[in-house]
Amino acid sequence: VSIAKVEVRLPSLELDRSYRILIDPDEGAEERLADEIHRRAGGARIGLLTDETVAGLHWPRIEGALTQRGLRVATVVVPDGENSKSLGRAELVAQAWAKAGLDRKSIVVALGGGVVGDLGGFVASVFLRGVPYVQVPTTLLAQVDSSVGGKTGVNLPSGKNLVGTFYQPMLVYADLTTLQTLDARDIAAGLAELVKHGAIADAGLFELIEQRVDAARAGDPGFLAQLIARSCAIKAEIVAADERETAIDLPGGGRARLNFGHTVGHAIESASAHTAAPLRHGEAVGLGMLAAARLGAALGLGDRTLEARLTSLCHGLGLPTDLDRWLTAAVLERVTVDKKRAGNRINLILVDRLGSSLVAPVEPQRIGEILLGEKRR
Ligand SMILES: NC(=O)c1ccc[n+]([C@@H]2O[C@H](COP(=O)([O-])OP(=O)(O)OC[C@H]3O[C@@H](n4cnc5c(N)ncnc54)[C@H](O)[C@@H]3O)[C@@H](O)[C@H]2O)c1
Ligand SMILES: [Zn+2]
């Protein structure tokens, strides 16, 4: 037998995948956004993806600014909510884009929250084997978190984000005027991820939020622009060092450190989903950060003052702080099946001092003992 061997060599820098995040707090942002897209589009078609709510609130002026520049825009509207992150919906979106005549030069624009961003990014990454896309995030969570970093995905019946790609956008344009139509709870939920970025990587950001809690909570556009820019810079730096979340050995835990507060947070989020008052993702992450702070202190690895400081900040921001109420056996059971398990341990992200994180592999049982034990005291 003579086995033929063919070497496949891929250039190390296939293409330039760097891109900009523009954060625009002023009125008329749609005009500047449309200029950015127009400049990149040439004569190509634009595929605009949005959901029903955003279509009613923000689509008209953005679509208007695009068509005013002579761009041909095909809009696809999906129903609101997490259910639109499905393979079935992805197929319908791709079909609509094909029908609208989008080609490989077309630019896809995802206008909406994390759901539209994750779905739009996913379909953009596979439609015609990849078309360029622009994220126009319209929730605070999407502006500080989901629009940055290139994770796309849809859910399966057996779990969230189980099908997806790493696919970086060509541009992220945060039009802060879109936040005016969000309710206070959605602002607070987005602020939780900002607090997270401060806690794990930027003490100054954390302190800035502490100093102006009321301005943050009120969604003051100038102040939010400052916070969002700083927060995106942190996430971008973490992602650049570990795009695919494979380098947990990097100082601080690589991209995995962005999961601070999410191990217990996700468990609380899913437990709350079936109650009369489901928590927003960010609200659950706030509680999860309190749990992580408590675990860190009990393990002798984390900042001892963090739980109190986080509790007071979350309280000021209008986030729930009633962690003990959520620490039930059912929630802790969910923690132990968390996907971030390594062998029989869970890689917990802890904050050793404000603005710095570390990874601690902990036995699931120990997490339960500490959290339930502390609760009883
Ligand atoms: N890709 C990532 O790295 C990443 C990171 C974090 C979260 N996510 C994903 O993000 C999703 C959650 O994102 P989300 O919280 O933005 O939810 P979402 O996209 O469902 O938006 C929440 C609700 O707000 C509405 N909405 C959006 N913009 C609005 C506006 N400006 N005014 C009024 N209403 C508006 C939407 O129609 C929706 O009903 C989850 O699916 C999560 O998995 C992804
Ligand atoms: Zn999150």
Side-chain angles (χ1 to χ4, degrees), residues 29 49-59 61-62 77-86 89 110-122 124-125 133 135-155 159-169 172 174-197 199-200 219 221 231-232 235-236 238-239 243-245 255-266 268-270 273 278-289 349:
L49 181 73
T50 192
D51 70 20
E52 282 161 5
T53 297
V54 180
L57 294 169
H58 302 290
W59 173 81
R61 69 187 167 89
I62 289 171
V77 181
V78 298
D80 280 33
E82 193 66 29
N83 283 345
S84 278
K85 275 179 57 174
S86 72
R89 186 58 62 185
L111 172 69
V115 164
V116 166
D118 280 11
L119 172 70
F122 175 65
S125 73
Y133 87 113
Q135 292 254 30
V136 185
T138 62
T139 62
L140 186 56
L141 178 118
Q143 294 183 355
V144 300
D145 194 355
S146 62
S147 69
V148 182
K151 278 189 183 177
T152 84
V154 296
N155 307 323
K160 255 179 75 89
N161 300 322
L162 290 183
V163 175
T165 53
F166 286 97
Y167 193 63
Q168 301 292 346
V172 179
D175 167 357
L176 267 58
T177 60
T178 59
L179 302 180
Q180 288 164 8
T181 53
L182 284 180
D183 67 34
R185 266 186 86 183
D186 288 314
I187 296 287
L191 289 168
E193 302 281 1
L194 272 166
V195 168
K196 178 193 79 178
H197 289 156
I200 58 170
S231 170
C232 286
K235 184 162 178 189
I238 292 173
V239 168
E243 188 182 0
R244 297 195 169 224
E245 201 171 321
R255 185 170 186 160
R257 99 180 83 156
L258 295 168
N259 296 327
F260 177 61
H262 283 61
T263 304
V264 177
H266 273 149
I268 294 176
E269 186 180 5
S270 19
L279 291 175
R280 303 275 204 283
H281 172 73
E283 293 171 333
V285 167
L287 293 167
M289 290 193 287
I349 308 295

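Remember, it's 1-based here, ligands and their atoms both numbered in the order they're listed. Side chains included, hydrogens not; waters and symmetry mates left out as well; all remaining heavy atoms used. The structure displayed is predicted, hence computed values, not measured ones.
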For H197 and L258: C-alpha separation, side-chain torsions, deciding distance, then whether side chain to side chain contact (heavy atoms under 4.5 Å, CB included) applies.
CA-CA 7 Å; H197 289 156; L258 295 168; 3.7 Å; yes
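- Across all their heavy atoms, R280 and A189 have their closest contact at CB-CB, 3.9 Å.
- For a heavy-atom separation below 4.0 Å, the residues in contact with ligand 1 are D51, T53, V54, L57, H58, D80, E82, K85, G113, G114, V115, D118, T138, T139, L141, D145, S146, K151, K160, N161, T178, T181, L182, K235.
- Around the Zn ion (ligand 2), the protein N, O or S atoms found under 2.8 Å comprise E193 OE2, H262 NE2, H281 NE2.
- Take D51 and apply the side-chain contact (heavy atoms from CB on, under 4.5 Å) test, not counting sequence neighbours, and it matches T53, V54, V78, D80, V116.
- Under the 3.5 Å distance criterion, with hydrogens and angles disregarded, no donor-acceptor pair is assigned to the side chains of H58 and T138.
- To the nearest 0.5 angstrom, E243 atom CD is 4.5 Å from Q168 atom CD.
- Contact check on R61 versus D175 returns a salt bridge, with a Lys/Arg side-chain nitrogen under 4.0 Å from an Asp/Glu carboxylate oxygen.
- For E193, the side-chain contact (heavy atoms from CB on, under 4.5 Å) test picks out L141, V144, D145, K196, H262, H281, V285, with sequence neighbours left out.
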I would like to know whether D186 and T139 meet side chain to side chain contact (heavy atoms under 4.5 Å, CB included); could you show each step before the answer?
CA-CA 7 Å; D186 288 314; T139 62; 6.0 Å; no
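- The CZ atom of R255 lies 9.5 Å from the CD1 atom of I238; values are rounded to the nearest 0.5 Å.
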